[in-house]
Amino acid sequence: MTNLLLAAMLYALAPADSVVTLDNVTVTGQQRRDYQMRTSQSEVQVTRDFLQQNFAGSLMQTLEGIPGVKAMAIGSGQSKPTIRGLGFNRLAVSEDGVKHEGQQWGDDHGLEIDQFSIDRAEVIKGPAALLYGSDAIGGVLSLYTNHVPTEPISGSVQIFGRTNNEQLGVSAKLEGKLGHWFYRANATLIDYADYKVPTDSIQYYSYWIKLKDNRLRNTAGCERDGSMMLGYAGYNFHTDLRISDSYSKSGFFANAHGLEVRLSDIDYDHSRRDIDLPYQWVNHLKVLSHTTWRTDATSIELNLAYQNNRREELSEPISHGYMPQPDGSLERRFDKNTYTGNLQWRQVVGSHEVRTGISGEYQQNRRSGWGFIIPDFETLSMGAFLMDRYTLRENLILNAGIRYDYAQTHIHSYHDWYQTPVRSEMVYMERSADMRRHFNSVTWSAGINYSTGLWVMKANIGKSFRMPIPKELGADGINYHIFRYERGNQQLDPEESYQMDASISWANEEWDIQVDPYLNYFPNYIYLNPTSQYVEGLQLYHYTQASVLRYGLEVQLTWKFADQWQAHAQGEYLYARQQSGEKKGYTLPFSTPWSVDLGIKYSPLTTHHSPLTVSLTAHIVGKQNEIVPPEKPTDGYWTLNFAAGKDFLLRHTTIHVVLHADNLLNKKYYDHTSYYRLIDVPEPGRNLSMMVGVEF
């Protein structure tokens with residue numbers, strides 16, 4: 001019964017372009033209210049069915065249908081998450097209770113997580129530093145892969161493809177339960193070619209570059225993922241051990257890696273599936289232990305993890321500035337080891353649900369290669385929190401909490417391996433000075449949930465903090481793939497945020513309306529400030545701080561105008577303004593413009609076991625004139641997207657068929673949050689995706 005209730009609630013929350021199959025489930029106002037009353041923050045939960053039916057090229061592109069959630073595309077096979085315009089180290093990604101730690105500081109680094117191994121996902125929109133610590137100042141994406149199977153043996157196989165980049169992939173899962181013991185194994189293989197854009201040429205620094213067959217040369221790639229889990233699930237006790245490894249290799253758009261590519265001997269147009277220099281590869285190894293003990297009134301949870309993230313960037317050895325031509329193609333290598341542990345205790349005492357916990361994390365990152373961008377570093381962070389959820393009445397719940405964090409960072413010095421003339425002397429220039437910084441902060445949060453009749457109202461206020469990462473403190477080098485020179489600032493203070501979130505929703509059998517306003521004030525927001533200066537031929541960006549005011553609104557409306565039909569509209573708007581600093585009065589770079597989705601869906605809820613579900617959605621994005629000089633405005637655009645899904649039941653086997661068509665009209669447009677627009681590269685053109693899955 002619990003699973004049916006959860007499925008019904010997810011259906012009520014799903015956007016109209018979702019394809020969710022529900023059998024004999026009636027969604028009631030009571031179920032909707034119970035879900036909304038779980039937390040005072042804006043939270044959305046989706047199941048494996050949602051992830052399958054909304055499959056896109058990456059996990060974040062799959063989740064883009066959730067209002068406030070965006071995917072910052074990186075080529076054709078990867079993307080980074082943003083929530084309400086905040087991403088990178090302002091957004092925590094958690095897997096089975098442990099924060100995922102890769103090289104997430106870079107724009108061109110995707111998530112090293114197999115989206116086909118995920119059972120469900122939760123998106124917390126807005127600050128969640130009280131439970132998750134420093135990096136959750138903008139929100140949390142919580143992923144869960146430890147579902148306990150119920151049969152002795154079961155599994156699935158999924159075959160999928162996309163037309164734009166000729167992607168082909170297969171994913172398989174085998175799982176089972178023997179007594180109290182259970183096991184799972186996942187494997188995913190993906191291969192894709194250079195992706196297509198609706199233009200035959202682009203302009204880069206006043207040079208016109210022709211594209212063969214409208215493809216961005218050298219953007220092909222591959223992905224290889226695997227994981228194994230062994231666990232024990234008793235009545236009160238649960239423990240599991242999971243080992244996962246994710247490998248990906250992808251090319252950088254050759255013409256974006258400097259104009260020297262015109263002199264290269266590489267024939268980039270020889271094949272659209274090969275991966276030539278420049279390219280990157282990354283391997284993420286994770287060993288994770290999750291243990292819980294619970295009764296009706298008490299639960300204790302312990303999570304331990306080790307992660308190793310190894311990433312390399314390779315390019316043709318070319319002399320820049322005073323640097324002589326280097327030996328070999330290894331431009332940069334980063335080897336990061338992370339050790340994580342957290343312990344939480346939950347206790348119900350009368351009308352109070354008290355939670356407390358401690359956490360610790362140690363990181364060590366080592367670099368090598370002839371190119372420099374960030375130095376070696378070690379970081380140690382620790383935190384403790386206490387929160388109380390107090391149920392005054394069934395329809396009125398209060399919560400409050402407090403957290404203390406301490407962190408220290410040691411950044412190593414780095415000198416160039418070649419000499420540079422300074423005041424008639426030849427010296428090894430220091431790019432990064434040896435530095436030790438200590439940070440600590442007290443953060444807090446308070447909220448209220450109230451429901452009456454068909455209304456549910458929530459509000460949350462609090463303070464969050466984020467310590468500056470080593471890149472922000474010590475970067476000094478060229479980032480070719482993003483067309484800029486980046487320079488850190490050792491004097492940066494910890495970032496703080498004061499925020500207010502609210503949610504008002506009303507739903508009956510025909511209408512479902514939800515409005516989520518929010519407000520953020522940062523006394524000392526850290527960001528890369530674009531300048532008019534050029535270093536080694538690229539625009540200089542340097543890290544600075546400014547007080548920033550951000551506020552926005554998300555609106556969702558669903559109208560079920562017939563038994564089998566529903567229409568939906570959802571929109572979001574974000575305003576950001578610097579209140580101090582040299583760019584006072586301007587917004588923030590790469591600010592998200594307003595957007596609206598209008599759709600209609602045919603989705604019968606009958607006793608039929610496998611109804612056909614079809615949706616058509618128009619995605620409308622406004623013009624972005626709010627920029628930070630020398631940034632340029634971006635025109636608005638709209639695209640038309642189609643989705644359909646159907647299940648076929650054959651005895652004990654279920655066959656899922658899902659079809660998506662994105663940018664049906666092959667519109668040429670630019671995404672203001674994409675760094676590719678800086679060199680006149682539009683977003684991908686028409687793209688058809690298809691997945692066929694078999695569950696047994």
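Everything numeric in this text was worked out from a predicted model, so none of it was measured.
The shortest side-chain heavy-atom distance between Leu141 and Val69 does not fall under the 4.5 Å cut-off. Gln624 has its side chain within reach of Ser591: a pair of non-hydrogen atoms, C-beta onward, lies under 4.5 Å apart. Inter-residue side-chain proximity for Glu572 and Lys70 is flagged as met; some heavy-atom pair is nearer than 4.5 Å. The side-chain heavy atoms of Asp405 and Met382, taken from C-beta on, include no pair separated by under 4.5 Å. Looking at heavy atoms from C-beta onward, Leu63 lies in side-chain contact with Leu51 at the 4.5 angstrom threshold. A heavy-atom distance below 4.5 Å is found between the side chains of Pro81 and Val93. Proximity of Glu361 to Lys99: side-chain heavy atoms (C-beta onward) are separated by under 4.5 Å at one or more points. With a 4.5 Å cut-off on side-chain heavy atoms, Met467 and Thr379 count as touching.
Take Asp119 and apply the side chain to side chain donor-acceptor pair (under 3.5 Å) test, not counting sequence neighbours, and it matches Arg184.
Within 6.0 Å of the CE atom in Met500, the count of heavy atoms belonging to other residues, nucleotides or ligands does not exceed 12. Atom OH of Tyr518 has more than 12 heavy atoms from other residues, nucleotides or ligands within 6.0 Å.
In this structure a side-chain-to-backbone donor-acceptor pair under 3.5 Å is missing from His180 to Tyr232. Between the side chain of Gln579 and the backbone N or O of Ser547, no donor-acceptor pair lies under 3.5 Å. A side-chain donor-acceptor contact under 3.5 Å links Gln307 to the backbone of Glu101. Not a single donor-acceptor pair under 3.5 Å links the side chain of Ser142 to the backbone N or O of Ser94. Remark: the backbone N or O of Asn524 is paired with a side-chain donor or acceptor of Gln545 at under 3.5 angstrom. In this structure, Arg577 contributes its side chain and Leu549 its backbone to no donor-acceptor pair below 3.5 Å. Within the 3.5 Å criterion, the main-chain N or O of Ser451 finds a donor-acceptor partner in the side chain of Asn395.
Between the CG atom in Asn399 and the OH atom in Tyr390 there is a gap of 13.5 Å [rounded to 0.5 Å]. Rounded to the nearest 0.5 angstrom, Glu695 CD and Asp647 CG are separated by 8.5 Å. Atom NZ of Lys560 sits about 14.0 Å away from atom CH2 of Trp511, to the nearest 0.5 Å. One finds the CH2 atom of Trp559 at 8.5 Å from the CD atom of Glu510 (value rounded to the nearest 0.5 Å). Taking CD1 of Ile118 as the start and CG of Leu143 as the end, the distance is 4.5 Å to the nearest 0.5 Å. Taking OH of Tyr362 as the reference point, atom OG1 of Thr338 lies at 10.0 Å (rounded to 0.5 Å).
Taking the six-membered ring for Trp and thresholds of 30 and 60 degrees, Tyr575 and Tyr551 have nearly parallel ring planes, at less than 30 degrees apart.
Closest approach of Pro468 to Pro494, counting heavy atoms only: CD-CA, 3.8 Å. The two residues Pro593 and Gly622 make their nearest non-hydrogen contact at CB-O, 3.5 Å. The two residues Leu91 and Leu86 come nearest to each other via the heavy atoms CD1-O, 3.7 Å. Heavy atoms only, all atoms of each residue included: Ser156 and Arg48 are closest at OG-NH2, 3.9 Å. Scanning both residues, Arg346 and Thr295, for their nearest heavy atoms gives NH2-O, 3.9 Å. Contact between Phe561 and Ala567 at its shortest, heavy atoms only, is CE2-N, 3.7 Å.
Under the 3.5 Å distance criterion, with hydrogens and angles disregarded, no donor-acceptor pair is assigned to the side chains of Asn641 and Thr617. Donor-acceptor pairing under 3.5 Å is recorded for the side chains of Asn460 and Ser445. No hydrogens or angles considered: a donor-acceptor pair under 3.5 Å links the side chains of Glu112 and His100. Judged by distance alone, the side chains of Ser117 and Ser227 never bring a donor and an acceptor atom under 3.5 Å apart. Residues Asp96 and Thr145 bring a donor and an acceptor atom of their side chains to less than 3.5 Å of each other. A donor-acceptor pair shorter than 3.5 Å can be found between the side chains of His438 and Tyr406. Neither side chain, Thr409 nor Arg437, offers a donor N or O lying under 3.5 Å from an acceptor on the other. No side-chain N or O of Glu496 forms a donor-acceptor pair with one of Ser464 less than 3.5 Å apart. Between Gln347 and Thr298, the side chains place a donor N or O and an acceptor N or O closer than 3.5 Å (distance only, hydrogens not considered). Side chains of Gln514 and Asp512: a donor-acceptor N/O pair is absent below 3.5 angstrom, by distance only.
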When you look at Thr592 and His672, which way does the side-chain contact (heavy atoms from CB on, under 4.5 Å) test go after all the steps?
CA-CA 7 Å; Thr592 307; His672 191 77; over 6 Å; no
Could you walk me through whether Trp293 and Phe237 pass the ring pair (Phe, Tyr, Trp, His ring centres under 6.0 Å) check?
CA-CA 5 Å; Trp293 178 84; Phe237 179 74; 8.9 Å; no
CA sep, side-chain torsions, deciding dist, call: Lys458, Glu43, salt bridge (Lys or Arg N to Asp or Glu O under 4.0 Å)
CA-CA 11 Å; Lys458 305 193 294 185; Glu43 178 181 309; over 6 Å; no
Give the intermediate values and the outcome of ring pair (Phe, Tyr, Trp, His ring centres under 6.0 Å) for residues His238 and Phe182.
CA-CA 11 Å; His238 173 110; Phe182 66 94; 5.6 Å; yes
Carefully, step by step, assess Ser497 and Tyr521 under the rule side-chain contact (heavy atoms from CB on, under 4.5 Å).
CA-CA 6 Å; Ser497 169; Tyr521 175 67; over 6 Å; no
Dump the intermediate steps for side-chain contact (heavy atoms from CB on, under 4.5 Å) on Tyr306 and Thr340, then the final yes or no.
CA-CA 6 Å; Tyr306 164 73; Thr340 306; over 6 Å; no
Taking it one step at a time, do Leu241 and Val287 satisfy side-chain contact (heavy atoms from CB on, under 4.5 Å)?
CA-CA 7 Å; Leu241 177 67; Val287 182; 4.1 Å; yes
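Salt bridge absent: Asp240 and Arg242 never bring a charged side-chain N and a carboxylate O closer than 4.0 Å. A salt bridge between Glu353 and Arg355 is absent, with no side-chain N of the basic residue lying under 4.0 Å from a carboxylate O of the acidic one.
Applying the salt bridge (Lys or Arg N to Asp or Glu O under 4.0 Å) test to pairs two or more places apart or on separate chains, those with a residue in residues 83-94 are Arg84-Asp501, Arg84-Glu554, Arg90-Glu495. Evaluation of the salt bridge (Lys or Arg N to Asp or Glu O under 4.0 Å) test over residues 286-306, restricted to residues two or more places apart or in two chains, returns Glu95-Lys286.
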